[in-house]
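For reference, positions follow the sequence shown, starting with 1.
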Amino acid sequence: SLSNMSKDANKMKILERLDELIECANEKGCDEIFFFYSGDGIVVKNVKEEEYEDAIVPCDYKEKGIINSMTFNSRMEKISKNVKVTLLFDCCHNENFLESAFEYCGGNDLLNKQSEPRNYAANIIMFSLRDIELEFKTRGVINNNNSHILARTFIEHYNECVEDNCSDVTVFSMLHDIRDYMVFNEIELVPVLYSPCDINNESVLLHIE
């Protein structure tokens with residue numbers, strides 16, 4: 001766990017921790033890894049590629065720079081086959097951190113199917129947030145005034161499943177509960193799930209021991 005409060009969520013340490021997780025999966029036989037980022041996200045222009053891309057903002061970005069989606073995705077492509085990877089991006093401008101084939105918005109309704117997704121070997125899914133307004137729907141969250149809201153609702157739903165003696169937390173139960181929380185509290189955000197494959201109602205997100 002890295003924190004901006006203690007200034008240890010810098011660029012080098014974030015990438016080091018990510019590389020440690022990938023090494024654990026590829027070389028130490030870990031079959032499931034979890035990466036969570038809650039903080040600032042921005043859109044930057046990739047001068048070399050002449051296009052815009054999403055990026056996260058480490059605490060030392062003024063000196064060391066940001067971590068763009070291309071850097072992140074190049075690491076995701078290195079994770080071995082059959083490894084289960086869960087990503088939680090609780091930040092603005094988060095659309096391109098997983099260039100997957102399928103997107104589900106708010107529930108189990110298919111929102112989009114990408115024509116040219118990246119070819120990930122691992123089983124990677126990502127939770128993020130999106131604005132409700134149609135003109136912003138393809139750029140993730142433009143302005144999120146609800147700090148850490150995705151992380152909080154994610155943890156709360158898991159705890160509710162534990163209290164209800166569920167054996168598993170399913171992917172869609174998590175999406176539905178986060179969506180319902182946003183609607184009930186009149187928060188104009190909607191959860192989005194990115195996945196390389198089609199998801200069904202029985203797809204397990206987390207096992208409860």
Side-chain angles (χ1 to χ4, degrees), residues 1-3 8-9 11-39 54 56 67-91 94-104 107-108 110 113-114 116-129 148 150-178 191-209:
S1 177
L2 302 175
S3 170
D8 58 359
K11 182 176 181 177
M12 183 183 71
K13 286 190 177 180
I14 291 173
L15 291 175
E16 281 181 351
R17 291 292 175 85
L18 181 56
D19 288 339
E20 287 172 3
L21 286 174
I22 295 172
E23 180 185 2
C24 179
N26 290 349
E27 300 179 17
K28 299 180 181 178
C30 179
D31 59 2
E32 187 169 347
I33 60 176
F34 186 96
F35 179 85
F36 156 56
Y37 174 79
S38 184
D54 299 332
I56 59 176
I67 299 172
N68 60 23
S69 55
M70 185 179 296
T71 298
F72 188 85
N73 262 302
S74 67
R75 282 168 161 79
M76 292 297 102
E77 288 178 321
K78 295 176 182 177
I79 302 176
S80 300
K81 186 178 179 180
N82 297 325
V83 176
K84 182 179 179 182
V85 183
T86 303
L87 308 173
L88 193 67
F89 271 80
D90 198 356
C91 62
N94 46 30
E95 182 188 24
N96 297 320
F97 279 98
L98 192 68
E99 297 176 14
S100 58
F102 294 89
E103 298 177 17
Y104 299 87
N108 59 356
L110 180 64
K113 186 174 181 180
Q114 300 290 347
E116 297 181 1
R118 283 183 182 253
N119 185 23
Y120 303 102
N123 179 20
I124 308 174
I125 62 171
M126 181 183 114
F127 287 87
S128 65
L129 293 171
H148 315 301
L150 180 60
R152 292 203 313 271
T153 51
F154 190 98
I155 293 169
E156 286 174 8
H157 180 64
Y158 176 82
N159 288 336
E160 288 173 2
C161 290
V162 172
E163 292 173 1
D164 292 340
N165 295 316
C166 298
S167 57
D168 297 310
V169 180
T170 68
V171 173
F172 282 146
S173 75
M174 181 65 75
L175 262 185
H176 291 162
D177 197 61
I178 295 173
V192 182
L193 172 75
Y194 298 87
S195 173
C197 58
D198 200 357
I199 301 292
N200 60 53
N201 288 324
E202 284 72 46
S203 296
V204 174
L205 174 64
L206 300 165
H207 293 289
I208 299 176
E209 298 294 335

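Among I79, V83, L98, the one residue that satisfies the side chain to side chain contact (heavy atoms under 4.5 Å, CB included) test with Y120 is L98.
Between Y194 and F97, the distance from one ring center to the other does not fall under 6.0 angstrom. Checked against the 6.0 Å centroid threshold, F72 and F89 count as a close aromatic pair.
Atom CD of residue E99 and atom CD of residue E77 lie 8.0 Å apart, to the nearest 0.5 angstrom. Rounded to the nearest 0.5 angstrom, L206 CG and T86 OG1 are separated by 6.0 Å. Residue S74 holds its OG atom at 7.5 Å from CZ of R118, rounded to the nearest 0.5 Å. Atom-to-atom distance recorded for L205:CG and F34:CZ is 8.0 Å, nearest 0.5 angstrom. Atom-to-atom distance recorded for L175:CG and Y104:OH is 10.0 Å, nearest 0.5 angstrom.
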Validation: residues 19-27 side-chain donor-acceptor distances under 3.5 Å, sequence neighbours left out:
residue: D19; atom: OD1; partner: R75; partner atom: NE; Å: 2.8
residue: D19; atom: OD2; partner: R75; partner atom: NH2; Å: 3.3
residue: N26; atom: OD1; partner: S80; partner atom: N; Å: 2.8
residue: N26; atom: OD1; partner: S80; partner atom: OG; Å: 2.7
residue: N26; atom: ND2; partner: K78; partner atom: O; Å: 3.0

For residues 159-169, dump all side-chain donor-acceptor pairs below 3.5 Å to protein atoms at least two apart in sequence or in another chain.
residue: N159; atom: ND2; partner: I155; partner atom: O; Å: 3.4
residue: D168; atom: OD1; partner: H207; partner atom: ND1; Å: 2.7

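Remark: T170 pairs with S173 by the side chain to side chain donor-acceptor pair (under 3.5 Å) rule, at least two apart or across chains. Looking at residues two or more places apart in sequence or on another chain, you find a side chain to side chain contact (heavy atoms under 4.5 Å, CB included) between A151 and F36, L88, D90. Applying the ring-ring contact (aromatic ring centres under 6.0 Å, His included) rule to F127 yields the partners F154; only residues at least two apart in sequence or on another chain are considered. Under the side chain to side chain donor-acceptor pair (under 3.5 Å) criterion, Y158 pairs with no residue, sequence neighbours left out. With sequence neighbours excluded, the residues forming a side chain to side chain donor-acceptor pair (under 3.5 Å) with T71 are N68, listed by chain and number. Taking the side chain to side chain donor-acceptor pair (under 3.5 Å) definition, one finds that D177 meets it with H157, sequence neighbours left out.
For CG of N200, the number of neighbouring non-hydrogen atoms (other residues, nucleotides, ligands) closer than 6.0 Å is greater than 12.
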